[in-house]
Amino acid sequence: MSGTNAAGVRTPSPWQRLNAASGGTNRWVVLAVLCVSLVLVALDATILHVAVPSVTEDLRPGSIELLWIVDAYPLVCASLLILFGTLGDRVGRRRILLLGYGLFGAASAIAALADNAQVLIAARALLGIGGAMIMPATLSILRQVFPDRRERALAIGIWTAVAAIGAASGPVLGGFLVQHFWWGSVFLINLPVMIALVVVGIKLLPESRNPVAGPWDLVSVGLSLVGVISVVYAVKEVATHGVTWQVAATAALGAGALYAFVRRQFGLPSPLLDMRLFKHRGFSGAVLADLLTVFGLSGLVFFLSQFLQLVQGRDPLEAGLAELPAAIGAVVTGLIAGRYARRYSVRTIVAGGLGAIGLALAVLTLIHKESGYPLLGAALLVVGLGAGFSFTVTADVILSSVPKEQAGSASAVSETAYELGAALGIALLGSIVTGVYQSFTAPASVAGPVADAAHESLGGAVEAAKALDPHTAQVMVGAAQDAFVDGLRLASGVGAAVLLATAVAAWFLLRGQRLQDGVEH
């Protein structure tokens with residue numbers, strides 16, 4: 001309630017002060033709008049996976065085209081996050097977010113109606129541009145409308161939980177849509193939601209920018225673009241085709257461009273990305289924790305759907321539902337992470353969450369083809385619980401470590417850590433699974449071309465087996481499944497080691513880091 005001071009002047013209530021600090025907006029409605037947009041961006045990162053067989057049957061893409069259909073979205077998105085995060089700081093985060101909504105909706109319509117692989121690849125790339133405009137803007141606007149640090153911790157917990165729900169719901173929703181409609185429906189659902197978000201966003205979302213950000217240095221833009229695209233592309237190519245001189249040259253070009261980008265930032269009066277952010281131990285520790293956590297988890301997420309469908313024989317919808325405990329766990333702990341980080345400490349909650357994920361991955365080294373769901377479901381639940389604690393608190397640390405004028409840059413760095421962690425994890429842990437898988441021996445009676453197709457992937461083995469007699473097919477598929485599970489167990493062990501080591505690193509890097517209370521001015 002408002003009151004009066006000693007001079008008889010009416011004073012605003014805490015609630016009124018909060019509304020004034022957040023631009024007079026209903027911040028919880030703003031949070032709902034931001035969360036809806038984040039759900040769609042997270043969904044599109046995973047929803048296509050279960051639709052790939054239908055896309056292949058309809059559009060008949062080549063093997064390289066199929067790779068680009070899947071990879072164009074995350075590759076483009078990861079490459080542009082920092083650029084659009086810093087651009088939002090300069091021209092307005094709301095403006096960039098609304099443009100991202102429009103582009104994401106238009107690209108979704110193009111993808112849904114694509115009649116050949118080339119159009120679908122281009123649409124997926126446009127979706128990546130739209131996603132890169134949306135993702136950092138949601139977190140930086142959240143910082144703007146929640147000046148009260150305790151409320152912001154809860155808002156970030158909700159934001160983190162929603163992102164987990166979106167990513168985990170992708171396979172479920174995709175499986176349902178593909179079973180009942182056609183593959184284009186996984187994109188078409190975005191269109192009406194994005195139209196609604198543009199209309200609502202124009203009316204409700206507040207505008208904010210850094211008034212002293214300086215010009216958008218185009219040389220830095222070019223170096224960043226070349227650097228991130230080259231490095232992410234090289235990582236993905238290593239995962240698919242191994243190390244070649246072309247890939248090595250691409251990686252060297254990317255590393256050189258990123259080195260030049262960093263050097264240039266230190267010499268600019270108004271850098272595109274203020275590298276001094278990384279001098280803050282809490283900021284650097286939180287970014288590193290996010291990158292390595294996603295790295296350790298990505299192999300599990302990428303191969304788990306194949307295990308559930310191709311090894312245990314579940315249909316796409318059932319496999320998607322089987323992965324939901326992770327999202328449930330993330331929702332539960334995401335909502336309480338800030339409170340517990342204040343009661344105990346930031347490093348206790350983050351390191352504890354990472355340690356829990358590491359132990360859950362270690363348990364998955366025990367799975368086999370006949371493993372019952374309770375073991376897998378319990379491990380996924382613990383993964384979600386740990387991720388909710390860790391990601392929520394690190395997001396709060398990253399935002400709180402920088403001036404609010406640089407929220408877009410900080411958010412973009414955070415999101416880029418996620419994307420790079422996923423790319424590295426899928427590449428390196430994927431190569432472990434692939435290497436172990438390809439060591440299985442096909443029956444001697446299987447012809448060379450069929451055996452070669454079976455060694456490409458577990459899905460290839462299942463398809464190749466259709467041309468064989470039932471007994472030989474059963475033997476070959478059984479051997480392929482055993483090899484796949486062996487690779488999955490080894491990758492889970494490596495992921496567990498990475499997460500446990502990251503927990504130890506977070507314990508030291510986040511020493512003394514605290515979540516503050518009160519209203520930001």
Side-chain angles (χ1 to χ4, degrees), residues 45 61-86 117-118 120-122 124-129 131-132 217-268 271-273 275 278 287-288 291-292 294-296 298-299 302 412-413 415-438 452 455-457 491 494 498:
S63 58
I64 300 299
E65 290 175 327
L66 184 60
L67 174 68
W68 277 106
I69 288 172
V70 176
D71 283 352
Y73 176 82
L75 175 63
V76 172
C77 188
S79 304
L80 297 175
L81 281 165
I82 290 178
L83 299 184
F84 282 120
T86 56
Q118 293 78 19
L120 184 54
I121 292 169
R124 289 279 287 170
L126 288 175
L127 280 169
I129 298 173
D217 182 54
L218 292 180
V219 175
S220 295
V221 169
L223 289 172
S224 174
L225 198 59
V226 171
V228 178
I229 285 180
S230 299
V231 169
V232 175
Y233 175 77
V235 168
K236 289 183 175 293
E237 283 296 294
V238 168
T240 308
H241 302 113
V243 179
T244 64
W245 72 265
Q246 295 97 328
V247 172
T250 302
L253 172 65
L258 290 178
Y259 175 76
F261 172 82
V262 172
R263 286 289 301 271
R264 183 173 178 82
Q265 301 317 294
F266 283 114
L268 292 175
L272 185 68
L273 178 63
M275 302 307 297
F278 293 96
V287 170
L288 181 64
L291 188 150
L292 293 178
V294 176
F295 171 90
S298 57
F302 186 72
V413 171
E415 299 291 351
T416 302
Y418 286 118
E419 296 294 335
L420 290 179
L424 290 168
I426 291 173
L428 301 180
L429 298 180
S431 66
I432 291 174
V433 176
T434 301
V436 174
Y437 170 78
Q438 292 179 339
D452 291 341
H455 279 92
E456 283 293 319
S457 66
V494 174
V498 170

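Values in this document were obtained by computation on a predicted structure and should not be read as measured data. Note that the numbering runs from 1 along the sequence shown for the chain.
Contact annotation: the side chain of I121 never approaches that of R124 to less than 4.5 Å [non-hydrogen atoms, C-beta and beyond]. Between L80 and I129 the shortest side-chain heavy-atom distance falls below 4.5 Å.
Taking both residues in full, the closest heavy atoms of G131 and C77 are given as C-SG, 4.0 Å, listed atom of the first, atom of the second, then distance.
For V247, the side chain to side chain contact (heavy atoms under 4.5 Å, CB included) partners two or more places apart in sequence, or in a different chain, are A234, E237, V238, T244.
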>> For a side chain to side chain contact (heavy atoms under 4.5 Å, CB included) check, start with the C-alpha distance between L258 and L223, then their side-chain angles and the critical distance, and finish with the verdict.
In response: CA-CA 6 Å; L258 290 178; L223 289 172; over 6 Å; no
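One distance of note links CG of L225 with CG of L218; it measures 11.5 Å at 0.5 Å rounding. Interatomic distance, OG of S224 versus CD of Q265, reported as 8.5 Å (0.5 Å rounding).
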